[in-house]
Student: 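There's a structure below that I have some questions on.
All chains are named by letter (A, B, ...) in the order of the sequence lines, taking the proteins before the strands, and each is independently numbered beginning at 1.
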Amino acid sequence: MAKITYIEHDGTEHSVEVETGLSVMKGAVLNSIPGILADCGGACACGTCRVFIAEEWRAIVGEPSDMESAMLEIADESTPGRRLSCQIPVTDELDGLVLRMPEKQF
Amino acid sequence: MPTVTDADLPTLAIEKPEFDADPWPLFADARKQHPWLARYRDGYVVHGYKAIKELVVRDDKMIPAIGGLVEFYGGEGTMWGRFMKEMLLSTPAGETHSRIRASIAPAFTPRTANRFKGEIRQVLRELLDAWTPSGHMDFADFISHFPVTVLARLLGAKADPMAVRENLEVQANSITFDKSLFPELLAGYDVLSDFVQGVIRDREASGSQDDGWLDEMIAARDDGRIDATELHFLLMMLFPAGYDTSKNMIAMTVNTLLDHPEHWARCAEDRAFCTKVIDEMFRFAPVAPPMRIVIQALEYEGFTFQPGTLITFVPAIAGRDPSVYEDADRFDPERTQSIRHIGFGQGSHICLGMHLARLQIEEAIHMCAQRIRNPRRDGEATWRHFLGIWGPKSLPIAFEPDAERPEETLSEKAAA
């Protein structure tokens with residue numbers, strides 16, 4: 001399990017324990033956390049599970065793949081640390097992860 | 001748990017034309033008897049927002065229903081039948097479906113779509129130049145030339161796509177279950193198949209154009225991720241999948257904005273507002289109803305749907321679900337209640353071409369609003385079948401033609 005803190009655009013925080021092996025997106029959906037839609041269910045196809053990784057966690061979470069980067073262009077955002085949460089597998093290393101959600105996913 | 005066949009449900013005559021022009025009051029009546037489910041001639045229709053979101057993703061119990069048309073028309077053993085059963089739209093979720101989608105996914109990202117913006121605008125420019133000077137048109141006819149031309153250009157087709165366009169109109173009618181159409185469906189398959197074969201042959205002859213599109217799909221075949229038939233069917237599928245859906249959604253948007261001239265005028269000035277308008281349209285009146293066949297008994301909210309049952313999901317009605325949306329029948333692009341529409345579907349079968357479709361629809365509304373000033377109805381609209389790819393069949397309008405703004409052209413050239 002890893003503790004992940006999801007922060008809504010308005011600052012509301014949700015800290016939950018997420019099973020390792022799931023995706024960060026799934027952790028939000030299973031805990032009914034608003035702000036992540038995941039229309040495609042985790043196939044890197046819709047771009048509606050965007051998150052902004054807190055600066056101190058970016059090196060650990062890593063960079064998006066080419067495919068993920070191409071999908072992230074769905075929104076004209078310049079906020080650093082952008083990732084699709086469906087493409088981040090939860091590992092023990094991510095225990096304590098903090099991320100923010102955008103104002104809108106679409 | 002009782003089977004759904006024994007349930008006390010409203011029965012809707014959705015095959016009747018009154019549903020085509022204005023289905024919402026009829027579903028509002030049905031909702032009084034049951035909030036999310038109704039029976040119709042061919043099966044069951046799920047129209048509640050929550051029920052669609054939760055049920056349409058049940059790939060463990062249902063498969064896409066398009067292949068069922070083959071049995072109805074007696075098309076087994078024909079290439080048309082094989083295409084209808086094996087193309088991606090018909091492929092059940094699972095290993096093959098995931099493999100094919102993943103192999104071509106890079107060709108359908110927002111980045112790829114954005115690269116095509118100039119070509120999309122050029123096609124619109126040419127069509128608007130040709131159709132607008134008279135000051136009146138059937139908008140549905142006009143816009144039917146748009147997505148098919150864009151697809152043909154993006155694929156580098158040398159053949160005239162208009163023959164394909166006529167054929168797609170025939171294919172769209174297959175949903176009417178009219179057996180006399182069968183010879184035309186078979187002939188239509190040959191037209192589309194030949195067109196696509198020409199596209200592949202030409203690209204193989206010319207070599208890669210580094211377009212991130214057809215090249216990606218051919219590369220997927222060449223390195224064995226998909227086979228030659230899968231590539232052929234994929235390219236064929238792009239036409240029916242990207243034709244009715246996009247053009248009908250644009251025509252549906254214009255039909256709605258004819259009653260909101262202030263929004264139409266703003267669409268000409270404000271590109272970002274067009275995105276809001278289209279988001280709201282995908283809630284207010286989306287055109288594509290996913291259909292599924294139950295393959296294993298499916299239990300939901302006290303009902304059991306038995307194998308073989310046809311379930312049709314109607315996002316167009318879910319977008320007006322009063323348990324989800326406040327004042328759901330009001331069209332408001334500035335709606336602050338941010339509950340995501342389900343117009344592109346959900347889950348593994350979500351529309352593969354949604355990013356390209358969105359861009360085409362938004363650009364079309366922006367440029368049409370600039371060139372078609374003060375549009376008003378010039379006759380009664382006619383409608384396509386509600387449970388097909390829905391939308392206006394004809395939409396006569398009169399308007400004042402306007403020239404494209406030089407600054408738009410200049411900024412595009414500068415960007416290029």
Student: Atom CZ of B:Arg340 and atom OG1 of A:Thr48: how far apart are they, to the nearest 0.5 Å?
Tutor: 6.0 Å
Student: Measuring from A:Cys40:SG to B:Gln346:CD, what's the distance to the nearest 0.5 Å?
Tutor: 9.5 Å
Student: Might you confirm whether atom CG of A:Asp66 has over 12 heavy atoms from other residues, nucleotides or ligands at distances under 6.0 Å?
Tutor: no
Student: Among the options A:Cys46, A:Ala70, A:Gly41, pick out the one with the most heavy-atom pairs lying under 4.5 Å from chain B.
Tutor: A:Ala70
Student: Can you tell me if A:Glu19 has over 12 outside heavy atoms packed within less than 6.0 Å of its CD?
Tutor: no
Student: How close do B:Met354 and A:Ala45 get, counting heavy atoms only, and between which atoms?
Tutor: CE-O, 3.3 Å
Student: Could you have a look at B:Gly347, B:Pro106, B:Ser348 and say which one has the most heavy-atom pairs with chain A under 4.5 angstrom?
Tutor: B:Gly347
Student: Mind listing the closest non-hydrogen atom pair of A:Glu73 and B:Pro110 along with its distance?
Tutor: C-CB, 3.8 Å
Student: Answer yes or no: are there more than 12 heavy-atom neighbours, outside B:Glu95 itself, under 6.0 Å from its atom CD?
Tutor: no
Student: Could you tell me whether B:Asp210 atom CG has more than 12 heavy atoms of other residues or ligands within 6.0 Å of it?
Tutor: no
Student: Does CD belonging to A:Glu77 count more than 12 external heavy atoms closer than 6.0 Å?
Tutor: yes
Student: Checking heavy atoms, do the side chain of A:Ile74, its backbone, both or neither come under 4.5 Å from chain B?
Tutor: both
Student: With a sphere of 6.0 Å drawn around CZ of B:Arg101, does it hold more than 12 non-hydrogen atoms of other residues, nucleotides or ligands?
Tutor: yes
Student: Side chain, backbone, both or neither: which part of B:Arg358 has an atom under 4.5 Å from a heavy atom of chain A?
Tutor: neither
Student: Report which part of A:Ala43 has an atom under 4.5 Å of a heavy atom belonging to chain B: side chain, backbone, both, or neither.
Tutor: neither
Student: How about CD on A:Glu55, more than 12 heavy atoms from neighbouring residues, nucleotides or ligands closer than 6.0 Å, or not?
Tutor: no
Student: So what's closer than 4.5 Å to chain B heavy atoms on A:Ser69: side chain, backbone, both or neither?
Tutor: both
